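Note sheet for the following structure.
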2 protein chains.
Amino acid sequence: MIHTFKKVSAKTILTAMPDFFYNNKLYYNPVEFAMDRIGGTWKMPILWRLKDKVMRYGELKKDIPHITHKMLTSQLRELEEEGFIKRKVYAVVPPKVEYSITTRGKRAVMIVDIIRNYGLELMKEFGVEENKNTGTKNRK
Amino acid sequence: MIHTFKKVSAKTILTAMPDFFYNNKLYYNPVEFAMDRIGGTWKMPILWRLKDKVMRYGELKKDIPHITHKMLTSQLRELEEEGFIKRKVYAVVPPKVEYSITTRGKRAVMIVDIIRNYGLELMKEFGVEENKNTGTKNRK
DNA sequence: CAGTATCCGCCGAGATACTG
DNA sequence: CAGTATCTCGGCGGATACTG
């Protein structure tokens with residue numbers, strides 16, 4: 001499985017990956033499909049947090065900087081609906097809800113991990129350093 | 001271009017987290033950084049096409065279904081500016097421009113490959129079937 | 001504590017027209 | 001052939017208020 005690519009015609013390439021629909025949305029390729037499942041600003045940080053531990057809503061909220069109440073809720077819902085995480089509600093007052101990763105979620109975390117390491121690699125190449133909050137102000 | 005800003009709350013300053021800036025944009029983690037370089041709808045399809053061959057603008061345009069003139073141009077510019085591809089202009093009439101992948105771009109393709117295969121994996125799990133061209137012009 | 005419901009601004013991306 | 005320049009729009013994601 002090392003760098004052996006068959007030569008193919010232009011037509012083959014074109015027809016190799018037809019468009020397809022999922023939930024009434026048109027996708028052009030598998031990358032789009034994958035990124036629609038685990039992409040966006042918050043899904044990966046969430047999956048990352050749950051990769052090896054069960055967490056309550058409030059814990060996630062505290063652990064993930066900048067995330068808003070609305071986004072945490074909606075992204076948790078989507079991840080749950082598509083089987084990446086599991087939601088367990090305890091019938092107590094006040095409410096207690098625990099989130100945990102599924103098998104599918106664990107597989108996703110592997111991908112997140114790869115992208116994350118690649119990101120770190122790129123940051124080095126681009127000379128980006130973490131924790132440079134100097135000059136941070138409300139801007140825009 | 002990449003001159004956008006995220007809003008930063010006062011809480012950001014108080015929280016010691018690995019946020020960082022690049023091109024005046026605030027990032028929360030390495031994944032975001034990576035996806036801003038090679039993410040979006042078109043960068044991966046473009047890199048994918050150039051992975052093992054030099055291509056002219058028109059060839060890319062023909063080979064990448066659905067991409068618009070504007071998006072192809074702008075994405076090629078960004079990929080070039082950040083060193084993922086190289087642009088070679090021939091001083092002839094009519095114009096001839098060739099795009100090729102760089103070392104950095106080749107590394108990126110490896111990641112694209114991984115995400116792509118993961119996408120195919122997910123599609124199987126989700127029971128997604130290929131759809132023939134329905135004549136749909138706009139997605140969604 | 002955890003979850004909805006609204007309102008809204010911004011940005012990626014499409015459509016279209018014009019140029020050397 | 002390859003490249004700009006505008007205009008437009010939908011949707012992600014932020015801010016805020018209300019609820020059991």
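Below, read A as the first sequence line, B as the second, and so on, with proteins coming before strands; counting in each chain starts at 1. A quick note: this is a predicted structure, and the numbers were derived from the prediction, not measured.
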With heavy atoms under 4.0 Å as the rule, sort B/Lys61 into base, sugar-phosphate or nothing.
-> nothing
Thinking salt bridges, do A/Asp36 and A/Lys25 make one under a 4.0 Å N-O criterion?
-> yes
B/Glu98 CD to D/dC1 C1': how many Å, rounded?
-> 13 Å
Given atom CD1 of A/Ile64 and atom C1' of D/dG13, what is their separation to the nearest angstrom?
-> 15 Å
Can you measure from OH (B/Tyr22) to CZ (B/Phe33) and round to the nearest 0.5 angstrom?
-> 5.5 Å
Map A/Lys70 and A/Pro94 onto DNA chain C by nearest heavy atom, then report which one ends up closer to the 5' terminus.
-> A/Pro94
Quick note, A/Tyr57 side chain, CB onward, closest among C/dA2, D/dG13, D/dA5 is C/dA2
Quick one: is C/dA13 close enough that its OP1 or OP2 comes under 4.0 Å of any side-chain N or O from B/Thr41?
-> yes
From C/dC1, D/dG13, C/dA13, pick the nucleotide closest to the side chain of A/Gln75?
-> D/dG13
Describe the nucleic acid contact of A/Tyr90 in one word from base, sugar-phosphate, nothing, applying a heavy-atom distance below 4.0 Å.
-> nothing
Integer-rounded Å distance: D/dC12 C1' and A/Lys43 NZ | 11 Å
Would you find a donor on one side and an acceptor on the other, under 3.5 Å apart, between the side chain of A/Arg116 and the backbone of A/Met44?
-> no
Of C/dG3, C/dC1, C/dA17, the nucleotide closest to the side chain of A/Arg56 is C/dC1
Is there a Watson-Crick or G-U wobble partner for C/dG20 with both distances under 3.5 Å, and which nucleotide is it?
-> D/dC1
Most 5' of A/Met71 and B/Arg77 on DNA chain D, judged by nearest nucleotide = B/Arg77
Roughly how many Å is it from OH in B/Tyr28 to P in D/dG13, rounded to a whole number?
-> 11 Å
Under 4.0 Å: is that the gap between some side-chain N or O of A/Tyr99 and OP1 or OP2 of C/dG3?
-> yes
Tell me, yes or no, whether the heavy-atom count around B/Lys86 atom NZ, taken from other residues, nucleotides or ligands under 6.0 Å, exceeds 12.
-> no
Could you grab the distance from atom OG1 of A/Thr73 to atom CG of A/Leu60, nearest 0.5 Å is fine?
-> 10.5 Å
Judged by nearest nucleotide, the residue sitting upstream toward the 5' end of DNA chain D, B/Leu76 or A/Pro95, is B/Leu76
Would you name the heavy atoms of A/Leu79 and A/Arg37 that are closest together and state the gap between them?
-> CD2-O, 4.2 Å
Side chain of B/Arg87: nearest nucleotide among D/dG3, D/dG14, C/dG3?
-> D/dG3
Let me know the distance between NE2 of A/His69 and C1' of C/dT4, rounded to the nearest Å.
-> 8 Å
Would you indicate what A/Thr73 reaches in the nucleic acid, counting non-hydrogen atoms under 4.0 angstrom: base, sugar-phosphate, or nothing?
-> base
Atom NZ of B/Lys25 to atom P of C/dC10: distance rounded to whole Å?
-> 15 Å
A/Ile67 CD1 - D/dA15 P separation (whole Å) = 12 Å
In whole angstroms, the gap separating P of D/dG11 from CG of A/Asp36 amounts to 12 Å
Counterpart base for C/dG14, defined by Watson-Crick or G-U wobble contacts under 3.5 Å | D/dC7
